[in-house]
Amino acid sequence: MWSGLFLGILPRKCSIFKLFLVCLFLGFPSMLWLQLSCTGGVQREGLDDVSPQKSCPQTPKATHEDLSWGPHRLAVLVPFRERFEELLSFVPHMHQYLSQKKIRHHVFVINQVDHFRFNRASLINVGFLESGNDTDYIAMHDVDLLPLNPELDYGFPEKGPFHVASPELHPLYHYKTYVGGILLLTKQHYEMCNGMSNRFWGWGREDDEFYRRIKGAGLQLLRPTGISTGYQTFHHIHDPAWRKRDQKRVAAQKQEQFKVDHEGGLHNVQYRVDSRSEITIGGAPCTVLNVMLECDLDKTPWCVLS
């Protein structure tokens, strides 16, 4: 039907290049829909469900949280930009994993849509502020790190920040002050640290600075014990050949990246929520926040690359 419609409006004299563009225009939506349907699909709230193709793997049935699971509720904060294939795996996996552990939770995808370099720390600050009052602790969670061992603790970290992806378990990072990947904090403890620094544009170092904030706030950092799966505890789905990290250090950023930010953090992050959508991915609910961060070029000129 669609091909007949487009061919009907094409001029009689049409170049091969124009035909190629039309074919590309017609084919891309079909390929995109096939990809989404075979990975569980993406469904906006209020839209009818679409049954997967027979050749696609069956998506696990979504589990609804129960108040009997406990008084606490986790906000899974996922700083994000353009890694859609990882997100299609992450959201259903985490929803099923946490539901099996009877952890009440909701996933927030904080999607950076401005033109500045990626700022993971600021996005986590935004996610904290936008996560609402029905959650009382957070997981700062990388989208490419999937927990496999059901013995991992995602419960309320009352005694102090709990580093789920500890150096003894993370497949890549093993230095003792590492606190990245997956870190749980009560909202009270996160506020005591004044969140994370907003000065880290590009990839890396924001976790190292946050480790100092944890210590400066007098909090005890806790890590898993009794986990026997070692570096096989997580599935790391990031492909460095396909998704290269922005590790460039420009201007004064080379020196500033090792300093503690005593001024910036949770209470002065500058941003605007462009849109907020409730969607399901593979039957798993999540909230997507499209966020426009702001940058003071006088203070952090490295938020853009010349």
Side-chain angles (χ1 to χ4, degrees), residues 72-81 83 86-87 90-91 93-94 97-98 103 105-112 118-132 135-147 152-167 169-170 172-173 177-201 203-217 219-224 233-234 236 238 245 261 264-267 269 271 286-289 291 293:
H72 302 293
R73 193 164 189 252
L74 171 65
V76 181
L77 307 182
V78 186
F80 181 81
R81 176 181 266 177
R83 294 161 71 170
E86 295 173 5
L87 189 67
F90 177 86
V91 175
H93 178 91
M94 289 306 303
Y97 179 87
L98 293 173
I103 300 290
H105 66 278
H106 189 73
V107 176
F108 294 87
V109 181
I110 308 98
N111 181 31
Q112 185 176 340
F118 187 65
N119 191 322
R120 177 178 179 270
S122 288
L123 294 177
I124 292 173
N125 285 338
V126 172
F128 179 94
L129 294 171
E130 297 292 332
S131 60
T135 57
D136 55 357
Y137 70 115
I138 66 170
M140 300 157 49
H141 213 301
D142 287 354
V143 72
D144 59 6
L145 198 60
L146 307 182
L152 288 170
D153 188 1
Y154 273 77
F156 186 74
E158 183 175 4
K159 296 181 179 180
F162 187 78
H163 189 209
V164 180
S166 67
L169 304 176
H170 195 284
L172 293 180
Y173 307 115
T177 59
Y178 175 67
V179 292
I182 309 167
L183 181 65
L184 307 181
L185 297 97
T186 68
K187 287 194 168 181
Q188 179 184 8
H189 289 163
Y190 193 75
E191 288 184 328
M192 287 172 60
C193 297
N194 189 22
M196 302 187 78
S197 171
N198 300 304
R199 297 176 61 83
F200 290 85
W201 301 89
W203 183 82
R205 298 295 183 185
E206 76 284 343
D207 292 322
D208 297 335
E209 199 270 353
F210 191 64
Y211 174 83
R212 295 182 177 181
R213 291 184 177 226
I214 291 173
K215 294 301 181 181
L219 297 172
Q220 181 183 6
L221 179 66
L222 303 172
R223 289 187 166 120
T233 303
F234 302 95
H236 191 235
H238 179 76
R245 303 188 190 278
D261 181 5
L266 177 64
H267 300 299
V269 59
Y271 71 99
C286 67
T287 298
V288 177
L289 300 170
V291 174
L293 297 178

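All residue numbers refer to positions in the sequence shown, counting from 1.
The distance from the CG atom of D207 to the CD1 atom of I124 is 7.0 Å, given to the nearest 0.5 Å. Between the CH2 atom in W201 and the CG atom in N119 there is a gap of 4.5 Å [rounded to 0.5 Å]. One distance of note links SG of C193 with NZ of K215; it measures 11.0 Å at 0.5 Å rounding. The CD atom of E158 lies 10.0 Å from the CD atom of Q188; values are rounded to the nearest 0.5 Å. To the nearest 0.5 Å, atoms CD1 (I110) and OG (S122) are separated by 11.5 Å. Remark: E130 CD to L289 CG distance equals 6.0 Å, nearest 0.5 Å.
If you run side-chain contact (heavy atoms from CB on, under 4.5 Å) between N198 and each of V269, L293, L123, only V269 comes through. The side-chain hydrogen bond (donor to acceptor under 3.5 Å, both in side chains) test with T135 singles out one residue from R73, K187, H72, and that residue is K187.
Looking at residues two or more places apart in sequence or on another chain, you find a side chain to side chain contact (heavy atoms under 4.5 Å, CB included) between D208 and Y175, R205. E191 pairs by the side chain to side chain contact (heavy atoms under 4.5 Å, CB included) definition with F128, L266, not counting sequence neighbours. Under the side chain to side chain contact (heavy atoms under 4.5 Å, CB included) criterion, K159 pairs with L222, not counting sequence neighbours.
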V143/V109 under side chain to side chain contact (heavy atoms under 4.5 Å, CB included): CA gap, chis, key distance, verdict: CA-CA 9 Å; V143 72; V109 181; over 6 Å; no
Residues L98, V76; criterion side chain to side chain contact (heavy atoms under 4.5 Å, CB included); working and verdict: CA-CA 10 Å; L98 293 173; V76 181; 3.9 Å; yes
CA sep, side-chain torsions, deciding dist, call: F200, E209, side chain to side chain contact (heavy atoms under 4.5 Å, CB included): CA-CA 10 Å; F200 290 85; E209 199 270 353; 3.7 Å; yes
H163 and L183: CA distance, side-chain angles, deciding distance, side chain to side chain contact (heavy atoms under 4.5 Å, CB included) verdict: CA-CA 5 Å; H163 189 209; L183 181 65; 3.8 Å; yes
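Looking only at side-chain heavy atoms (C-beta outward), I214 and F210 come within less than 4.5 Å of each other. Put simply, the side chain of Y190 reaches to within 4.5 Å of the side chain of N125, judged on heavy atoms. Under the 4.5 Å side-chain criterion, counting only non-hydrogen atoms from C-beta, F234 is in contact with V164. A heavy-atom distance below 4.5 Å is found between the side chains of P167 and R223. Side-chain atoms of L184 and D153, non-hydrogen and from C-beta on, never get closer than 4.5 Å to each other. A 4.5 Å side-chain heavy-atom check between L169 and P224 finds at least one atom pair inside the cut-off.
R120 approaches E206 most closely through the heavy-atom pair NH1-OE2, 3.1 Å. Counting all heavy atoms, side chain and backbone alike, M196 lies closest to A121 at CB-CB, 3.6 Å. What you find for D136 and F156 is that their closest heavy atoms are O-CE1, 3.7 Å. In plain terms, the two heavy atoms of C286 and H106 that are nearest each other are C-NE2, 3.8 Å. Nearest approach of P147 to L152, heavy atoms of both residues: CB-CD1, 3.8 Å. Annotation for Y137 and Y154: closest pair OH-O, 2.8 Å, computed over non-hydrogen atoms.
For the residue pair H189/T186, the side-chain donor-acceptor check at 3.5 Å is satisfied.
With D142 contributing its side chain and D144 its backbone, the two residues share no donor-acceptor pair below 3.5 Å.
Here F90 and H141 bring their ring centres to under 6.0 angstrom of each other.
Using the six-membered ring where Trp is involved, Y173 and Y178 have ring planes that are tilted, between 30° and 60° apart.
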